[in-house]
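Just so you know, these numbers use all the heavy atoms, side chains as well, and skip hydrogens, waters and symmetry mates. Each ligand, and each atom within it, is numbered from 1 in the order the structure gives. If you read the sequence from its start, that first residue is 1, and numbering goes on from there.
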Amino acid sequence: MANRALLWVAEKPRVQQLISEGKLTQPVVKRFVAGDVLEDAIEAIRERNASGIGGILDLLGEGVTDPEGAQSAADDYLAAIKRIEETGVDTTVSIKLTQLGLTLDKGACIDYSRRLAAEAQAVGTTVEIDMEQSDFVTDTVSVYRVLQPDFPELRLAIQAYLRRTPVDLQGMADIKPRIRLVKGAYAEPEGAAFQERSEIDAQYAFLIDWLFENGTAPAIASHDGSLLEHAKRAAARTGLADHDFEIQMLYGIRSGLQEQLARDGYRVKTYVPYGSAWYPYLMRRLAERPANLRFFLRALTSR
Ligand SMILES: Cc1cc2nc3c(=O)[nH]c(=O)nc-3n(C[C@H](O)[C@H](O)[C@H](O)COP(=O)(O)OP(=O)(O)OC[C@H]3O[C@@H](n4cnc5c(N)ncnc54)[C@H](O)[C@@H]3O)c2cc1C
């Protein structure tokens, strides 16, 4: 559950500048980010593949402010797909629609996403769509719905903390959607999202049950042991084999558990971020867990 105050402070330009430029931040960045360039992420995924774990490539970056930014992100995603083909690593590619210009030109964003889904399909992999702040949910779901008939393998992230999510999912029941279920990582207002851990966890559990009954190959993206157990029980109840659903976790978090689950026969994927625009991503990871923040502050003050 995100610490909203921390995310608020993190958005202040001065704080951002201090942390982004601070060399002492680097060990903390390294824990959560595979590296500055695509090759670093490919290497990290190769290592995971050796333990039977798949990858989810994540080019770091958030909303762009001009069409050139969207074009440049699309080019970077295409380069990643080409590299997947060349190296043969087992990974999907996750995209952020605001990075592809969702807020500037939705039509162009759909065109970019379609091209990426097609290129991914051609090299035997798939695209996953990240879910961002609540302001973008309606458009993100609608882009997914436009592309899904042509690319049924496409996966959409859905956030359990949003009050609207059960309605969004019910609206997609006809297509048996392929969903990545997450708790939600952004600081959202009370009207849009549950704030209490107990409420978020209860909705997450409810949505697990919904997805195992109404979705396709659900991906449970969480490090929360009790929700993962809930998913295993839902799989047993609905007759899904251990390999018919996915457990997804983040690079640098509970790596030992990821390996254990893969050894136990589950389909596990690690979300592997790379790129230089790591600041907002790192702040979300720190805001999720006081222990991460302490680790970070210790690194900053250790010299
Ligand atoms: C594969 C994947 C893709 C994601 N995609 C999106 C997305 O598209 N949109 C979005 O809004 N969010 C996304 N998220 C983030 C998600 O919303 C949560 O913020 C994040 O997963 C933490 O929630 P949790 O379910 O692990 O549960 P929590 O209740 O936060 O954590 C449960 C336990 O996991 C461990 N843990 C959790 N987080 C950390 C951490 N940062 N550092 C160390 N230990 C930790 C701790 O042991 C903690 O007690 C994604 C997460 C994953 C795993």
Check ligand 1 against [X] and write out every atom of the ligand that is under 4.0 Å from a heavy-atom position of the residue.
X      : value
Tyr186 : 11 (O)
Ser222 : 24 (P), 25 (O), 26 (O)
Arg31  : 43 (C)
Ala221 : 1 (C), 2 (C), 52 (C), 53 (C)
Tyr271 : 1 (C), 3 (C)
Asp130 : 8 (O)
Ala157 : 8 (O)
Gln159 : 9 (N), 10 (C), 11 (O)

Check your understanding: Is there a donor in the side chain of Asp58 and an acceptor in the side chain of Ser94, or the other way round, less than 3.5 Å apart?
Key -> no
Review point. Taking atom types as modelled and ignoring hydrogens, do the side chains of Asp224 and Ser226 form a donor-acceptor contact shorter than 3.5 angstrom?
Key: yes
Is there any N or O on [X] that sits under 3.5 Å from an N or O of ligand 1?
X      : answer
Met131 : yes
Gly184 : yes
Val182 : no
His223 : yes
Arg285 : yes
Lys183 : yes
Glu288 : yes

Residue part near ligand 1, for [X], under 4.0 Å between non-hydrogen atoms:
X      : value
Ile253 : side chain
Arg180 : side chain
Arg197 : side chain

State, with a plain yes or no, whether a side-chain heavy atom of [X] is found less than 4.5 Å away from one of [Y].
X      : Y      : value
Gln99  : Tyr77  : yes
Tyr161 : Tyr204 : no
Ile53  : Met249 : no

Check [Y] with [X], please: is the shortest side-chain N to carboxylate O separation under 4.0 Å?
X      : Y      : answer
Glu132 : Lys96  : no
Glu196 : Lys183 : no
Glu246 : Arg267 : no

Review point. For Ile56 and Thr91, which heavy atoms make the closest approach, and how far apart are they?
Key: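 That would be N-OG1, 3.3 Å.
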Exercise for review: Return the orientation label for the Tyr281 and Tyr271 ring planes: parallel under 30°, perpendicular over 60°, tilted otherwise.
Suggested key: parallel
Exercise for review: Kindly work out whether a path of hydrophobic side-chain contacts (I/L/V/M/F/W/Y, heavy atoms less than 4.5 Å apart) joins Met172 to Phe136.
Suggested key: yes
Exercise for review: Identify whether Leu59 and Val37 are in the same connected component of the hydrophobic contact network (ILVMFWY, side-chain heavy atoms under 4.5 Å).
Suggested key: no
**Study point:** Of the listed options Arg289, Glu132, Gln248, closest to atom 1 (C) of ligand 1 (non-hydrogen atoms)
**Key:** Gln248
